[in-house]
Asker: 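Here you go, one structure.
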Amino acid sequence: MRHLVVLALALLLGIPEATAQQGATAGPTLAAVRARGVLSCGISTGDPGWSAPDRTGQWQGVDTDICRAVAAAVLGDASKVAWQHLTGQNRFPSLTGGQVDMLTRTTTWTFLRDTSLGMNFTAPYFHDGQGFLVKASAGLRAARELAGASICFVSASTHELNLTDWMRREKLAFTPVIFADKDEARRAYEANRCDSYTGDASQLAAVRAGFTNPAEHVLLPDRISKEPYAPAVRQGDDQWFDIVRFVVYGLIEAEELGITRAEAERLAGVSESPAVQRLLGRTGDLGPSLGLDRAFMLNAIKAVGNYGDIYDRHLGKDSAVRLPRGLNELWTRGGLMIAPPMR
Ligand SMILES: N[C@@H](CCC(=O)N[C@@H](CS)C(=O)NCC(=O)O)C(=O)O
């Protein structure tokens with residue numbers, strides 16, 4: 001009888017019966033993470049709002065919380081993460097060489113990174129753009145006024161090509177001042193060795209918030225590029241790709257459905273919303289279809305909250321950065337954050 005119900009359901013949903021009937025078996029990355037008991041996650045060497053140590057030495061930020069969510073979903077414990085601190089230079093070889101299971105390090109999804117480095121980018125979790133930080137005393141209002149300026153930035157990032165393209169398009173000259181280390185670049189800007197510091201606007205906003213006197217610095221309104229951040233995984237393991245992808249989408253869906261960290265457990269028990277019941281594993285087979293427990297998203301949300309909770313804590317209203325949601329609002333509020341139907 002159960003077999004017939006499954007078959008009917010599978011036909012109705014257009015899913016091959018075998019898939020609907022059994023949970024998926026563990027692919028190589030899932031099996032390795034389970035055997036190790038720890039998720040190896042590539043983050044930065046220290047980037048406020050994204051991955052930086054707090055007063056107690058715990059690494060905190062949007063990137064670290066995405067890793068914690070995956071650990072909670074896969075291992076049932078958000079603390080089972082080994083942090084690998086990666087620079088712009090070594091982040092991609094560390095992923096493709098197998099030192100990390102996922103790379104969540106303010107990393108922009110670009111065509112060539114995706115197609116030629118042996119990586120796949122999962123779901124975008126932040127939409128940024130390259131901006132410019134300048135001294136308020138310079139009185140600049142727009143990036144075009146940087147004609148002839150010296151501009152500090154970090155190498156092995158998307159910044160150099162964006163800047164060169166933009167300056168060429170605008171027919172402006174500039175002097176690049178390039179650093180391998182982000183702290184050196186910031187110090188050079190502070191010491192007036194360059195007129196501007198360019199980078200992803202969210203990072204510049206966080207750097208500005210950390211200055212002794214933030215009011216002495218202005219983040220110009222121009223954004224000269226698009227920088228969609230997405231966690232990357234190695235090519236060749238579709239199941240792991242789907243796991244990371246759907247944990248990110250699950251956090252976005254949780255915000256849309258109003259499932260907060262504080263309320264997740266209670267809603268799992270009492271909510272009568274079919275979408276909430278499915279996401280939290282009370283009905284359906286979302287988790288098993290990925291080789292995971294039914295409660296995978298409940299565990300992730302209990303650990304780090306929904307996407308909006310994560311944003312507010314590290315970049316938004318509950319943080320020092322106070323970055324408006326902008327493009328990172330839910331699609332229902334005019335932003336770009338949208339999860340596919342979780343069914
Ligand atoms: N999104 C850009 C830039 C990301 C990036 O590496 N930003 C630098 C500073 S602008 C950073 O945060 N570095 C942290 C570190 O060096 O650990 C990319 O993917 O290339």
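Order of appearance sets the numbers: ligands from 1, and atoms from 1 within every ligand. Atom set for the values below is all heavy atoms of this structure, side chains included, hydrogens, waters and symmetry mates excluded.
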Asker: Is Phe153 in contact with ligand 1, taking contact as a heavy-atom separation below 4.0 Å?
Answerer: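 Phe153 does not count as a contact of ligand 1 under the 4.0 Å cut-off.
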Asker: Give yes if a backbone or side-chain nitrogen or oxygen of Thr106 is under 3.5 Å from a nitrogen or oxygen of ligand 1, and no if not.
Answerer: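 The answer is yes, given that Thr106 and ligand 1 share an N or O pair closer than 3.5 Å.
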Asker: Report yes or no: is the cationic atom of Arg325 (NZ for Lys, CZ for Arg) closer than 6.0 Å to the six-membered ring centre of Tyr311, at no more than 45° off its axis?
Answerer: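 Yes, Arg325 lies over the aromatic ring of Tyr311.
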Asker: Is it the case that ligand 1 has an N or O less than 3.5 angstrom from some N or O of Asp47?
Answerer: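 There is such a contact, yes.
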Asker: Which residue from His159, Arg113, Glu160, Lys182 reaches closest to atom 10 (S) of ligand 1 through any of its heavy atoms?
Answerer: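 It is His159 whose heavy atom sits nearest to atom 10 (S) of ligand 1.
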Asker: Are the side chains of Leu336 and Trp331 in touch, meaning some heavy atoms are under 4.5 Å apart?
Answerer: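 Side chain of Leu336 against side chain of Trp331, heavy atoms only: no contact under 4.5 Å found.
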Asker: Indicate, as side chain, backbone, both or neither, the part of Trp50 found under 4.0 angstrom from ligand 1 when only non-hydrogen atoms are considered.
Answerer: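 It is neither; nothing of Trp50 touches ligand 1.
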Asker: When you check the side-chain N and O atoms of Trp50 and Ser202, is any donor under 3.5 Å from an acceptor?
Answerer: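 Yes.
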Asker: If you take the nearest heavy atom of each of Arg186, Arg105, Gln89, which one is closest to atom 6 (O) of ligand 1?
Answerer: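 Shortest heavy-atom distance from atom 6 (O) of ligand 1: Arg105.
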Asker: Is the shortest N/O to N/O distance between Thr87 and ligand 1 below 3.5 Å?
Answerer: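 For ligand 1, there is no N or O atom that lies under 3.5 Å from one belonging to Thr87.
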Asker: Heavy-atom distance under 4.5 Å between the side chains of Tyr125 and Asp63, does that happen here?
Answerer: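 Yes; the side chains approach each other to less than 4.5 Å.
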Asker: Decide whether the shortest distance between a heavy atom of Leu204 and an atom of ligand 1 is less than 4.0 Å.
Answerer: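 It does not; every heavy atom stays at 4.0 Å or beyond.
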Asker: Give a yes or no answer on whether the side chain of Glu145 reaches the backbone of Arg141 with a donor-acceptor pair at less than 3.5 Å.
Answerer: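 Yes; judged by distance alone, with no hydrogens or angles, the pair exists.
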Asker: Which protein non-hydrogen atom lies closest to atom 7 (N) of ligand 1, naming both residue and atom, and how far is it?
Answerer: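 Looking only at protein heavy atoms, the one closest to atom 7 (N) of ligand 1 is Gln203 OE1, 2.9 Å.
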Asker: Look only at the side chain of Asp293 and the backbone of Phe296, and say whether a donor-acceptor pair between them is shorter than 3.5 Å.
Answerer: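 Not a single qualifying donor-acceptor pair exists.
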Asker: May I ask you to check whether Tyr189 and His217 place their ring centers less than 6.0 Å from one another?
Answerer: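 Close enough - the centres of the two rings lie under 6.0 Å apart.
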Asker: Identify, by atom number and element, the atoms of ligand 1 in contact range of Leu86, meaning under 4.0 Å from any of its heavy atoms.
Answerer: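 Result: 17 (O).
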Asker: I need the atoms of ligand 1 closer than 4.0 Å to a non-hydrogen atom of Thr107, numbered in the order shown.
Answerer: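 Answer, ordered by atom number: 19 (O).
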